[in-house]
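To keep things clear, I will list the structure first and then write my remarks on it.
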There are 2 protein chains.
Amino acid sequence: MHNVIMKIEHLHQLIWMSRPLMQAAEACVEAGLVGTDLTVRMRAVLEMLDKYGEQTVPEIAARLEIKRQYVQIMCNETRESGFIEQRANPRHKRSPIMALTDLGRTVIEDIISSELTLMEEVGGDLSSEDIATALRVVHAVTDSLKQHAGERE
Amino acid sequence: MHNVIMKIEHLHQLIWMSRPLMQAAEACVEAGLVGTDLTVRMRAVLEMLDKYGEQTVPEIAARLEIKRQYVQIMCNETRESGFIEQRANPRHKRSPIMALTDLGRTVIEDIISSELTLMEEVGGDLSSEDIATALRVVHAVTDSLKQHAGERE
DNA sequence: GTCAATATGACATGCATAATGTCATTATGA
DNA sequence: TCATAATGACATTATGCATGTCATATTGAC
């Protein structure tokens with residue numbers, strides 16, 4: 001009965017579950033940082049360096065899709081805490097390359113590894129197929145919403 | 001091949017799609033508000049009153065799961081703009097009931113209706129079953145993450 | 001090689017979305 | 001009645017960015 005209405009209603013709920021989902025995910029990340037000297041934003045910097053290799057501040061900003069000025073602050077903090085260091089950039093003398101220190105690498109890899117363990121626990125009950133479906137739907141919905149929001153600009 | 005790894009990888013992506021999804025959804029809401037005199041937070045107040053009927057500030061705060069002090073500010077603004085009005089509360093003389101004005105009701109119902117139309121467009125390509133699956137998965141993941149984050153407190 | 005355009009770091013400011021703390025004034029309920 | 005809780009009002013702080021500006025360094029077109 002009224003299958004179309006159910007569909008729209010579920011879609012609506014799915015979209016607005018994004019906030020609690022994000023908050024829950026961020027809370028888990030934060031919880032995993034307790035005891036380390038990392039903040040969430042330092043963790044983000046380390047993750048980019050670990051995942052994509054050493055980079056400049058503007059490169060990190062592009063990948064995180066936030067402004068370089070803010071990433072600069074994040075990197076300065078991370079560097080003050082000894083998790084990253086600057087290296088000369090042969091391609092641009094004013095823009096040093098940020099690289100993980102040994103400490104930084106150890107810390108971020110520990111954290112990512114324990115986050116992976118968490119993923120396994122969270123995924124425990126769910127089928128591979130259902131997760132794939134969910135991902136596909138969420139992608140499609142996000143793209144569609146982006147398009148609609150963009151049009152009105 | 002390595003199905004388990006794919007599953008975890010998809011789950012990871014699904015979880016972190018929550019941020020772009022939320023941002024896209026919020027951008028759509030904002031875009032829909034252009035031209036009205038509503039702000040996003042006034043819209044939130046109106047939606048609660050339209051959906052659950054007239055309520056006090058603390059009740060709205062409980063439903064939005066944010067602090068009553070902030071909801072107070074939101075409601076004061078919304079009232080100054082003429083979208084809601086106060087009514088005497090027989091159950092608590094210091095805590096008036098917030099109610100939609102005719103203007104407020106018209107405005108919020110127009111907005112919700114056009115947002116519903118957007119939902120229909122966004123859902124167009126997707127099957128009812130897949131949306132239901134996605135919603136179920138996202139619910140399960142959120143609950144699981146909440147539990148894990150809570151444990152560490 | 002010159003020179004305009006661009007990139008970068010550094011710094012300042014602003015803004016939205018809250019959380020937190022406090023106070024005075026009611027209400028409420030045991 | 002009286003301790004306790006609820007409420008509105010106000011002040012302060014935090015987080016996570018965006019935006020603007022500047023000086024300087026760098027790049028690329030010519």
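Heavy-atom basis, side chains included; hydrogens, waters and symmetry copies ignored. Order of the sequence lines fixes the chain letters, A, B, ..., with proteins taken first and strands second; residue numbering starts at 1 for each chain.
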Please report, rounded to the nearest Å, how far the [atom2] atom of [N] is from the [atom1] atom of [X].
{"X": "A:Asn89", "N": "C:dA7", "atom1": "CG", "atom2": "C1'", "value": "12 Å"}
{"X": "B:Arg19", "N": "C:dT17", "atom1": "CZ", "atom2": "C1'", "value": "14 Å"}
{"X": "A:Ile97", "N": "C:dT8", "atom1": "CD1", "atom2": "C1'", "value": "14 Å"}

How would you list, by chain and number, every residue that makes a side chain to side chain donor-acceptor pair (under 3.5 Å) with A:Glu26, sequence neighbours excluded?
->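 Testing A:Glu26 for side chain to side chain donor-acceptor pair (under 3.5 Å), a comparison that skips the adjacent residues, returns B:Arg19.
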List for me each residue that meets side chain to side chain donor-acceptor pair (under 3.5 Å) alongside A:Gln69, sequence neighbours excluded, and say none if there are none.
->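 Applying side chain to side chain donor-acceptor pair (under 3.5 Å) to A:Gln69 gives none.
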Look at the side chain of B:Asn89 and the backbone N and O of B:Ile97, then say whether any donor-acceptor pair between them is shorter than 3.5 Å.
->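 Flag not set: sc B:Asn89 to bb B:Ile97 has no pair under 3.5 Å.
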Judged by atom type as modelled, is there a donor-acceptor pair below 3.5 Å linking the side chain of B:Gln55 to the main-chain atoms of B:Met48?
->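 At least one qualifying donor-acceptor pair exists.
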Contacts of type salt bridge (charged side-chain N to carboxylate O under 4.0 Å, His left out), residue B:Arg41, not counting sequence neighbours |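 For B:Arg41, the residues satisfying salt bridge (charged side-chain N to carboxylate O under 4.0 Å, His left out) (neighbours in sequence not counted) are B:Glu77.
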Short heteroatom pairs, N/O only, protein and nucleotides 24-27 of chain D, under 3.5 Å:
residue	atom	partner	partner atom	Å
D:dT24	O2	A:Arg94	NH1	2.2
D:dA25	O4'	A:Arg94	NH1	3.4
D:dT26	OP1	A:Lys93	N	3.4
D:dT26	OP1	A:Arg94	N	3.1
D:dT27	OP1	A:Arg91	O	2.3

Can you pull the side chain to side chain donor-acceptor pair (under 3.5 Å) pairs that have at least one residue in residues 103-117 of chain A, sequence neighbours excluded?
->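 Non-adjacent pairs meeting side chain to side chain donor-acceptor pair (under 3.5 Å): A:Arg43-A:Glu115.
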When rounded to the nearest 0.5 angstrom, what is the spacing between NE2 in B:His148 and OG in B:Ser144?
->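 Nearest 0.5 Å value for the NE2-OG distance: 4.0 Å.
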Output the residues of residues 52-83 of chain B in contact with DNA chain C, where contact means a heavy atom of the residue under 4.0 Å from an atom of the strand; sort by number or write none.
->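 Result for residues 52-83 of chain B: B:Ile66, B:Lys67, B:Gln69, B:Tyr70, sorted by number.
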In this structure, which one of B:Val57, B:Ile84, B:Ile108, B:Leu100 forms a side-chain contact (heavy atoms from CB on, under 4.5 Å) with B:Val45?
->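 The single option meeting the side-chain contact (heavy atoms from CB on, under 4.5 Å) with B:Val45 is B:Ile84.
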